[in-house]
Amino acid sequence: MKRRLVLAGGAVVVLAAGVAAQRAAEKRRLDEQAAVDRDTAGFWNLAFPTPDETAPRTLAMARFRGEPLLLNFWGTWCPPCVKEMPELDRFARDHAAQGWRVLGLAVDNARAVREFLRRTPVSYAIAMAGFEGSELARRLGNTQSGLPFTVAFDRRGRIAKLKAGETNAAEMAAWAREMAANGLV
């Protein structure tokens with residue numbers, strides 16, 4: 001009997017420790033999500049210059065709020081970034097009817113981006129984040145600080161998907177289907 005009580009007491013302690021660890025992990029996750037949400041809220045207040053010298057303008061992120069947005073941080077000097085651009089372009093064309101918008105934020109200088117886009121035009125919007133774009137990408141969840149980095153925002157303006165490294169049309173289409181199935185598009 002005494003042995004059963006000791007075993008039962010031990011099981012209760014283990015169970016309580018497990019519950020406490022689970023609660024602590026959930027609190028950490030919620031705190032991390034709250035930090036990302038704060039940074040995401042700030043993101044929608046930003047505006048970035050376009051690289052076009054003939055008709056320079058500013059592209060306000062608020063313009064994209066309320067619709068699903070695929071945001072891609074890239075650089076002309078980044079081979080995987082350049083390789084995935086036709087995939088992003090295909091996604092932009094294939095998913096425009098579902099309300100998706102695609103924005104490339106160049107972590108680069110405007111002259112290099114202009115020259116690159118003359119040779120390799122894309123149908124989606126491009127704006128300049130400059131080299132400070134690396135910090136913005138980090139605040140949005142790019143813990144590795146590498147390029148390319150892609151973020152899918154839902155129609156509520158919240159981050160739904162993140163991808164550090166090169167992506168492709170099939171992966172992005174799967175994100176779009178999953179987000180649509182969950183009512184996020």
Side-chain angles (χ1 to χ4, degrees), residues 40 42-142 144-155 157-180 184-185:
T40 301
F43 169 77
W44 298 109
N45 296 322
L46 298 174
F48 299 95
T50 62
D52 188 358
E53 338 180 79
T54 59
R57 61 181 189 179
T58 301
L59 197 55
M61 295 304 96
R63 165 184 168 189
F64 295 99
R65 195 160 195 173
E67 52 194 10
L69 172 66
L70 192 70
L71 176 67
N72 178 259
F73 289 86
W74 70 287
T76 60
W77 43 266
C78 166
C81 299
V82 172
K83 183 179 175 196
E84 76 179 1
M85 287 182 85
E87 302 286 307
L88 290 159
D89 204 37
R90 182 181 323 150
F91 179 87
R93 288 190 315 271
D94 291 351
H95 292 84
Q98 290 85 41
W100 278 92
R101 300 295 170 252
V102 177
L103 172 62
L105 273 183
V107 181
D108 213 320
N109 71 68
R111 187 175 59 84
V113 171
R114 280 192 301 274
E115 289 172 9
F116 177 85
L117 292 174
R118 271 191 216 101
R119 293 187 312 272
T120 314
V122 294
S123 63
Y124 58 91
I126 299 287
M128 302 301 306
F131 295 106
E132 299 81 25
S134 295
E135 175 57 24
L136 174 60
R138 188 195 61 72
R139 288 195 326 259
L140 292 176
N142 187 1
Q144 298 172 1
S145 298
L147 291 179
F149 177 66
T150 305
V151 182
F153 291 94
D154 66 20
R155 62 182 158 80
R158 297 190 67 177
I159 294 173
K161 297 287 181 183
L162 297 173
K163 172 74 185 265
E166 187 179 333
T167 189
N168 60 60
E171 182 175 41
M172 292 179 280
W175 293 354
R177 283 190 304 275
E178 180 184 335
M179 288 171 64
L184 300 175
V185 175

With sequence neighbours excluded, what pairs up with [X] under the side chain to side chain contact (heavy atoms under 4.5 Å, CB included) test?
{"X": "Ala180", "answer": "Val185"}
{"X": "Pro49", "answer": "Met128"}
{"X": "Ala127", "answer": "Phe48, Leu59, Leu103, Leu105"}
{"X": "Ala169", "answer": "Glu87, Arg90"}

- Message: Going by ring-ring contact (aromatic ring centres under 6.0 Å, His included), name the residues that satisfy it together with Phe64, two or more places apart in sequence or in a different chain.
- Response: none
- Query: Mind checking what makes ring-ring contact (aromatic ring centres under 6.0 Å, His included) contact with Trp175, not counting sequence neighbours?
  - Reply: none
Out of curiosity, [X] [atom1] to [Y] [atom2], how far, rounded to the nearest 0.5 Å?
{"X": "Leu147", "Y": "Cys81", "atom1": "CG", "atom2": "SG", "result": "5.0 Å"}
{"X": "Arg63", "Y": "Met61", "atom1": "CZ", "atom2": "CE", "result": "8.0 Å"}
{"X": "Cys78", "Y": "Lys83", "atom1": "SG", "atom2": "NZ", "result": "11.5 Å"}

- Item | disulfide (SG to SG under 2.5 Å): pairs with one or both residues in residues 98-131, sequence neighbours excluded | none
- Query: Can you name the residues that form a salt bridge (charged side-chain N to carboxylate O under 4.0 Å, His left out) with Arg65, not counting sequence neighbours?
  - Reply: none
I'd like to check [X] versus [Y] (side-chain heavy atoms, cut-off strictly below 4.5 Å). Are they in contact?
{"X": "Ser145", "Y": "Ser134", "answer": "no"}
{"X": "Thr50", "Y": "Thr58", "answer": "no"}
{"X": "Met179", "Y": "Asp154", "answer": "yes"}
{"X": "Phe149", "Y": "Leu136", "answer": "no"}

Please set out all donor-acceptor pairs under 3.5 angstrom arising from side-chain atoms of residues 68-75, sequence neighbours excluded.
| unit_1 | atom_1 | unit_2 | atom_2 | d |
| --- | --- | --- | --- | --- |
| Asn72 | ND2 | Glu84 | OE2 | 2.7 |
| Asn72 | ND2 | Thr150 | OG1 | 2.8 |

- Of all heavy-atom pairs linking Ala106 and Val113, the shortest is CB-CG2, 3.6 Å
Solution key, residues 114-122 side-chain donor-acceptor pairs under 3.5 Å, sequence neighbours excluded:
| unit_1 | atom_1 | unit_2 | atom_2 | d |
| --- | --- | --- | --- | --- |
| Arg114 | NH1 | Pro51 | O | 3.1 |
| Arg114 | NH2 | Glu53 | OE1 | 3.4 |
| Glu115 | OE2 | Arg111 | NH1 | 3.2 |
| Arg119 | NH1 | Glu115 | O | 3.3 |

- Item | side-chain hydrogen bond (donor to acceptor under 3.5 Å, both in side chains) against Glu135, all qualifying residues, sequence neighbours excluded | Arg138
- ring pair (Phe, Tyr, Trp, His ring centres under 6.0 Å) evaluation trace for Tyr124 with Phe91: CA-CA 10 Å; Tyr124 58 91; Phe91 179 87; 9.9 Å; no
- Item | Pairs meeting criterion side chain to side chain donor-acceptor pair (under 3.5 Å) with involvement of residues 91-105, two or more places apart | Asp89-Arg93
- Do Asn168 side-chain atoms and Met172 backbone N/O form a donor-acceptor pair below 3.5 Å? no
